[in-house]
Amino acid sequence: MRDILGDLDAAANNPIEAARQASKAPLPKRFYTDVTVEEAEGGFTVALDGRGIKTPGQKLIVLPQLAAQALRDEFDAQTDFIDPKSMPHYRLLNTALDGVATDMQAVAEDVTRFAGSDLLCYRADGPETLVARQNEAWDPFLDWIAGKIGSRFVLAEGVMHVAQPKSAIAGFGVLVGQVKDPIMLAALHSMTTLTGSAIMAYAVFDGAWDAEAVWAAAHVDEDFNIEQWGDDGEAAAMRAWKWQQMKAAALLIKARQER
């Protein structure tokens, strides 16, 4: 089971290190010419020269049209070689269908555990500007989730762990446990690790906030530090790479909710 969760957490890995690891093995050559979206039982599939795309576990990928179009674009954008790092939708779909689908409960429990140390609950004790920004960006999420589960998460200053009320964790767990689609659950888990917040990830899933707003809120601390000390090229590349994973997860959720 840790293999499944490890695959999910890979969405938040350092892309620079991922590139180094990937460079040890040659990329497969692009073997197809035409990439099309075709109707299939239950939705749409992406076909490479007329053959529907399958996961490594040989499961045909059937999607709503919006998600199928995004997957088509990923495959069509490949040039001489197929680079999985540039295909966040395909990577997440493989994990969902070959991994998450085999033990939904374990993945749901992992998201719920994440809420026990959620980014939103750990606040700076200074400077005042940062404290104010955190309060403005994060308090609305905590107010919103309290309204949904009937219990409040508690706050702490600094990084020392604070135990959350059992009622809050249990209430949040009920919400996550209602996610029965492996693709949507994989996307929810991915957004959780990418933002550091299960609550913010669920806000995107629920449609209460869009991915862009959540992404900005998740980076309040980082943006404050950039203002003080300037940007770092490698950190900026990592953030841009993660944002692509975030957008892919949000699109897969949106597509399945709208079908």
Practice item. Mind jotting down which residue pairs meet the ring pair (Phe, Tyr, Trp, His ring centres under 6.0 Å) criterion with at least one end in residues 77-107? Sequence neighbours excluded, please. Key: Phe75-Tyr90
Review point. Nearest heavy-atom pair of Phe172 and Ala115: which atoms, and what distance?
Key: CD2-CB, 3.7 Å
Revision key, fill the gap. In Gln244, Arg239, Gln245, Met238, the residue satisfying side-chain contact (heavy atoms from CB on, under 4.5 Å) with Trp241 is Gln245
Point to revise | Asp143/Arg152 ion pair, N-O < 4.0 Å | key: yes
Review point. Just wondering, do Val220 and Leu130 contact through their side chains at under 4.5 Å, heavy atoms?
Key: yes
Review point. Considering only heavy atoms from C-beta outward, does the side chain of Val46 approach that of Ile61 to under 4.5 Å?
Key: no
Check your understanding: Nearest heavy-atom pair of Asp125 and Val131: which atoms, and what distance?
Key -> C-CG2, 4.0 Å
Exercise for review: Only pairs at least two apart or in different chains count here, so list each ring pair (Phe, Tyr, Trp, His ring centres under 6.0 Å) that has a residue in residues 134-153.
Suggested key: Phe141-Trp209, Trp144-Trp209
Check your understanding: Taking everything shown except Gln257 itself, do over 12 heavy atoms lie less than 6.0 Å from its CD?
Key -> yes
Point to revise | Point-to-point distance, once rounded to the nearest 0.5 Å, from CG of Leu120 to CD1 of Ile145 | key: 10.0 Å
Review point. Are there more than 12 heavy atoms of other residues, nucleotides or ligands under 6.0 Å from atom CD of Gln65?
Key: no
Point to revise | NZ/NE/NH1/NH2 to OD/OE distance under 4.0 Å, Asp223 and Arg133 | key: no
Practice item. Identify the residue among Lys54, Arg91, Lys59 that makes a salt bridge (charged side-chain N to carboxylate O under 4.0 Å, His left out) with Asp98. Key: Lys59
Practice item. Please check if any side-chain donor atom of Glu109 sits under 3.5 Å from a side-chain acceptor atom of Gln105, or the reverse. Key: yes
Review point. Does Arg30 CZ have over 12 foreign heavy atoms under 6.0 Å away?
Key: yes
Practice item. Heavy atoms only: give me the nearest Met191-Phe205 pair and the separation to one decimal. Key: CE-N, 4.4 Å
Check your understanding: Does the side chain of Ser197 come under 3.5 Å of the side chain of Asp118 through a donor N or O and an acceptor N or O?
Key -> yes
